[in-house]
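Counting convention: from 1, in listed order, for ligands and their atoms alike. Just so you know, these numbers use all the heavy atoms, side chains as well, and skip hydrogens, waters and symmetry mates.
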Amino acid sequence: MDTQTIAILDFGSQYTQLIARRIREQNVFSVVLPCTAPLAEIRALKPIGLILSGGPSSVYDDDAPAADPQILELGVPVLGVCYGLHYIVHHLGGKVLSAPKREYGHAEVTLEDLSTPLFAGLPPAIQVWMSHGDEAVELPAGFRRVAATSNALAGIANEERGIWAVQFHPEVHHTPLGPQLIRNFLTICGARGDWTAAHFIESTVASIREKVGDGHVICGLSGGVDSSVAAVLVHKAIGNRLTCIFVNNGVLRKNEFVSVQENLRGKLGLNIVGVNASARFLERLAGVTDPEVKRKRIGAEFIAVFEDEAHRIARETLGPEGKLDWLVQGTLYPDVIESSSVKGPSQTIKSHHNVGGLPERMKLKLIEPLRDLFKDEVRRIGRDLGMPEEILSRQPFPGPGLAVRILGEVTPERVALLQEADEIVVSEIKAAGLYTKIWQSFAVLLPVMSVGVMGDQRTYAYTCAIRAVHSEDGMTADWTPLSYDLLKRISNRIVNEVRGINRVVYDITSKPPGTIEWE
Ligand code: XMP
């Protein structure tokens, strides 16, 4: 059976991705397209419904986003949200003006016409989240007002044309009954709600099998959720024609090189080549203190190691002329949306280590089995695939690993110190039941030596900073107020168990203005 799709046209709202997630939470697939997407591209998706997102512009501005007004003639139900409402009103002959009173934040909306199917099962008044400065003052022919706040219109409907729009944001948490409204729209669209983890796995595995044919596939494992789930999906499709390479770059966490292999090879049967290239990486990092140079050296070395291994594997499994055909990448949907966003890619503060140069150099074609998924969906798929929770709930860990948590030069001695301290932080956070509730929690080794006293001995040793942050997506973050008891336990253990660190401090900086990693 075909996958039913809801198309979301993005007019630049910070909440557009949330709309996509709310729909998927109802087991219906959704796709975000820039509002400027050509009509043919939207039609090709065969959407069962269309949602027009909010956005920062005014429809009457000269530089308002140029969506094709034919989108309102696709013959499928349409839901406008905030700017989407203004767009519908403006393009169908109504009038939108700047409102005398801007509405921002919590508001109460009266659902004046509960007979419209968009409001099925909702009470006569609901709490919502508003964020707009414009308002519709004249409705196009055939439309009527179906909801309002005490000072402005909040919803319109035209059942005959199958178009609805609301001024508030049903996709945000501050609109508690928003999911019901979205569910109602999906019902109007005739959604079956059958886009489940099992459905995704089945159709993805089938399409990988078809795409790869009898080709050979290679995958760089990082030990993180994305590359692991991507590899397990491909393995399910083609078995041992997938070879995974897991490189020890010398700046992994304590025991990680062994435990990742145990989990993925031992428990899931993946064909993994573990390459211990620690010495090579640490040599390249000797004397380097600039964070961006560290990133570049690790990135370049990774590509070199990966390429060597891939050639060796090709020769050994396929003969002297043998060639691998495909590379698996764990690209996620937010990256896909970001790269085609109407706002353009966001500014780079830190160059992130990835394998970007690899496919072109090695002439490999890409398989990206997760490019339609959000992170929480990847975890759901992983659970359905029977993957260990240890992998699925792992906190994000940067590609350049501990190298960007060792300020100043990375030396084998410093790596060993930080591995010990980091292990203590992670195990105490886990013991406190906080590991999966915190976005990231880790230790940072500072090149600051200070005097201490242990027993009757004077010590002169390194300082370690503890960092714990809450975040939705890593773009912004709040420092986490860990309890004093927990901080005390972590500090005591580090100073007592890690010879070489005699002082522990706690980082209380949010992002912005700080970043999550120290480098
Ligand atoms: P920052 O430090 O920029 O981090 O606030 C945001 C998120 O990105 C991760 N991070 C990286 N990930 N390569 C990666 O793969 C990198 O070079 C890198 N730098 C930061 C960081 O751990 C956080 O989750």
Side-chain angles (χ1 to χ4, degrees), residues 17 219-230 246-253 256 260 281 284-285 288-303 305-306 328-332 334-335 338-339 345-358 368 370 374-376 378-379 391-407 410 415 418-419 422 425-426 429 435-446 465-480 507-519:
Q17 291 195 22
C219 173
L221 286 179
S222 69
V225 186
D226 308 339
S227 64
S228 305
V229 174
F246 181 42
V247 178
N248 184 354
N249 58 10
V251 280
L252 298 177
R253 278 165 302 186
E256 194 166 20
V260 166
F281 279 87
R284 298 282 293 139
L285 288 171
V288 178
T289 54
D290 181 298
E292 285 301 285
V293 178
K294 287 182 186 172
R295 280 193 172 77
K296 292 210 170 76
R297 296 241 172 134
I298 292 174
E301 199 58 24
F302 180 83
I303 290 181
V305 171
F306 192 89
V328 183
Q329 272 189 352
T331 318
L332 299 191
D335 306 327
E338 165 113 340
S339 61
S346 52
Q347 207 192 348
T348 308
I349 311 283
K350 300 177 185 181
S351 68
H352 280 197
H353 156 58
N354 57 38
V355 291
L358 258 179
E368 299 177 305
L370 311 178
F374 292 106
K375 191 93 175 183
D376 45 344
V378 173
R379 294 205 171 96
I391 294 179
L392 299 179
S393 56
R394 197 181 91 141
Q395 292 177 351
F397 185 63
L402 300 181
V404 291
R405 295 179 181 170
I406 294 173
L407 275 74
V410 178
V415 172
L418 185 56
Q419 281 177 333
D422 178 74
V425 174
V426 172
I429 295 272
Y435 185 78
T436 52
K437 299 191 180 111
I438 290 177
W439 172 262
Q440 276 173 295
S441 43
F442 54 88
V444 182
L445 189 71
L446 309 185
I466 308 302
R467 181 99 169 113
V469 295
H470 283 303
S471 174
E472 284 278 318
D473 51 12
M475 305 292 280
T476 59
D478 288 322
W479 66 274
T480 309
D507 181 356
I508 51 167
T509 320
S510 290
K511 171 183 180 177
T515 52
I516 296 176
E517 305 293 344
W518 275 44
E519 288 198 332

Working to the nearest 0.5 Å, report the span between CZ of Phe442 and CD1 of Ile429. 11.0 Å
Return the OG1 to CG distance between Thr331 and Leu370, rounded to the nearest 0.5 Å. 8.0 Å
Counting C-beta onward and ignoring hydrogens, is there a side-chain heavy-atom pair between Phe374 and Arg379 closer than 4.5 Å? no
Ile406 and Trp518, any side-chain heavy atoms less than 4.5 Å apart: no
Measuring only between side-chain heavy atoms, which start at C-beta, is Phe281 closer than 4.5 Å to Val410? no
Indicate yes or no: at least one non-hydrogen side-chain atom of Val469 is less than 4.5 angstrom from one of Lys511. no
Under 3.5 Å between any N/O of Glu519 and any N/O of ligand 1: does that happen in this structure? no
Under 4.0 Å from ligand 1, counting heavy atoms only, is it the side chain of Phe397, its backbone, both or neither? neither
What I want to know is whether Ile516 and ligand 1 share at least one N or O pair that is separated by under 3.5 angstrom. yes
Does only the side chain of Met475 get under 4.0 Å from ligand 1, or the backbone, or both, or neither? Count heavy atoms. neither
Which of the atoms in ligand 1, numbered in the order shown and given with their element, are less than 4.0 Å from a heavy-atom of Thr515? 1 (P), 2 (O), 5 (O)
Check ligand 1 against Trp439 and write out every atom of the ligand that is under 4.0 Å from a heavy-atom position of the residue. 24 (O)
Have Gln395 and Ser441 got a donor and an acceptor in their side chains that come within less than 3.5 Å? yes
Can you list the ligand 1 atoms lying under 4.0 Å from a non-hydrogen atom of Pro400? 13 (N), 16 (C), 17 (O)
Contact atoms of ligand 1, heavy-atom distance to Lys511 under 4.0 Å: 1 (P), 3 (O), 5 (O), 6 (C)
Ligand 1 atoms nearer than 4.0 angstrom to some heavy atom of Gly474 are 6 (C)
Quick check: does Arg405 get an N/O under 3.5 Å from an N/O on ligand 1? no
